[in-house]
Student: 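Sharing a structure here in structure tokens format.
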Amino acid sequence: MARSRSTLTRLLAPTAAVAALIGFAAAPAHAAIWTSSDQWGNYTTSDGYILYNNIWGSGAGTQTISADSSSKWSVTANHPDTGGIKSYPNAKKVVNKPITSLSSLTSAYNVTVPSAGAYNTSYDIWDTDYDYEVMLWVNYNGAVGPLGTSQGNVTLGGHTWTVYKGDNGANEVFSFLRTSDSSSGSVNILPILKWIKDTKGWWGNETIGDVQFGYEITSSSGGLNFTTNTFGVSSS
């Protein structure tokens with residue numbers, strides 16, 4: 001929020017005036033580059049990320065997303081304490097490369113999340129045809145759970161995950177839930193995609209489209225804040 005200097009409303013003696021002028025140094029004005037409370041509000045940043053408010057579930061309340069940049073943005077959400085996912089505010093980077101054409105795909109994150117509510121902080125990775133969805137839950141809270149059945153634990157990409165495999169009727173979903181919560185770190189995503197393809201044979205040489213990162217919110221009654229302090233995706 002922009003701030004402005006206070007207007008002097010009284011005369012100062014010369015000495016006091018000089019001292020006041022020397023000490024008068026307001027912080028630089030600052031404002032978010034984008035704010036939206038629209039259900040489908042979205043914004044493309046100068047470095048090619050797409051920010052998306054994305055209130056898609058039924059029975060949702062209100063939600064506002066505010067961004068300083070693609071890597072620093074926050075969400076205030078007030079969704080009722082009822083079941084079902086209400087929203088997935090996120091930042092997205094489009095990769096658009098087949099798995100076998102990728103030599104690296106990594107990401108880093110740092111978030112501040114509430115201790116109340118029901119949500120997960122997750123990557124949502126899609127192929128270009130939206131036939132397959134790969135979710136990487138780095139932390140989660142409350143009455144939330146993945147789709148499908150457990151496939152056991154695996155250590156990949158710098159983390160240990162419990163893997164779930166399911167189908168929502170529109171696409172197959174592979175969910176990787178970190179075995180302990182993390183608010184910051186980096187993920188080597190490519191070995192996870194190759195494990196799905198080469199070790200498990202659950203998909204072929206899919207072209208990876210969207211790499212999204214955000215908060216899948218089921219409930220946040222009273223208004224809760226979710227802050228992305230840093231985030232970025234790198235691929236080659």
Student: Under 3.5 Å, side chain of N168 to main-chain N/O of A170, donor-acceptor pair present?
Tutor: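 Side chain of N168 to backbone of A170, a donor-acceptor pair under 3.5 Å: yes, one is there.
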
Student: Any chance the side chains of S122 and E216 put a donor and an acceptor closer than 3.5 Å?
Tutor: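 There is no such pair between these side chains.
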
Student: What closest approach, in Å, do G209 and T128 show between heavy atoms, and which atom pair accounts for it?
Tutor: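 Heavy atoms only, the tightest pair is CA-CG2, 3.8 Å.
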
Student: Given side chains that start at C-beta, do those of T62 and S37 come closer than 4.5 Å, heavy atoms only?
Tutor: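 A side-chain contact is absent here, since even the closest heavy-atom pair is not under 4.5 Å.
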
Student: Should W195 and F176 be marked as a side-chain contact (heavy atoms from CB on, under 4.5 Å) after you check the CA-CA gap, both sets of side-chain angles, and the distance that decides it?
Tutor: CA-CA 12 Å; W195 182 83; F176 292 70; 3.8 Å; yes

Student: Angle between ring planes, Y130 versus W126, binned at 30° and 60°: parallel, tilted or perpendicular?
Tutor: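 Tilted, since the angle between the ring planes falls between 30° and 60°.
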
Student: So which atom in Y88 and which in Q212 form the shortest heavy-atom distance, rounded to 0.1 Å?
Tutor: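 In terms of heavy atoms, the two residues are closest at CE2-OE1, 3.3 Å.
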
Student: Which heavy atom of Y109 sits nearest to which heavy atom of H159, and what is that distance?
Tutor: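 Between these two residues, the closest heavy atoms are OH-CE1, 3.8 Å.
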
Student: Is there a path of hydrophobic side-chain contacts, each under 4.5 Å between heavy atoms of I/L/V/M/F/W/Y residues, joining I192 to L190?
Tutor: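 Both belong to a single hydrophobic cluster.
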
Student: Between N139 and V111, what is the shortest heavy-atom contact and its length?
Tutor: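 Residues N139 and V111, closest heavy atoms: ND2-CG2, 3.9 Å.
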
Student: Looking at every heavy atom in both N53 and S36, which two are closest together, and how far apart are they?
Tutor: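 Taking N53 first and S36 second, the nearest heavy atoms are ND2-O, 3.8 Å.
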
Student: Determine all donor-acceptor pairs shorter than 3.5 Å in which one atom belongs to a side chain in residues 222-233; sequence neighbours excluded.
Tutor:
residue	atom	partner	partner atom	Å
N225	OD1	T76	OG1	2.8
T228	OG1	Y215	OH	2.7
N229	ND2	N110	OD1	2.7
N229	ND2	T112	OG1	3.1

Student: How close do P80 and K86 get, heavy atom to heavy atom, and via which atoms?
Tutor: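 Taking P80 first and K86 second, the nearest heavy atoms are O-NZ, 3.8 Å.
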
Student: How about S221 and S219: does a side-chain donor come under 3.5 Å of a side-chain acceptor?
Tutor: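 No, no side-chain donor-acceptor pair sits under 3.5 Å.
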
Student: Whether the S103 and S236 side chains hold a donor-acceptor pair (N or O, under 3.5 Å, no angle test) is what I'd like checked.
Tutor: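 There is such a pair between these side chains.
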
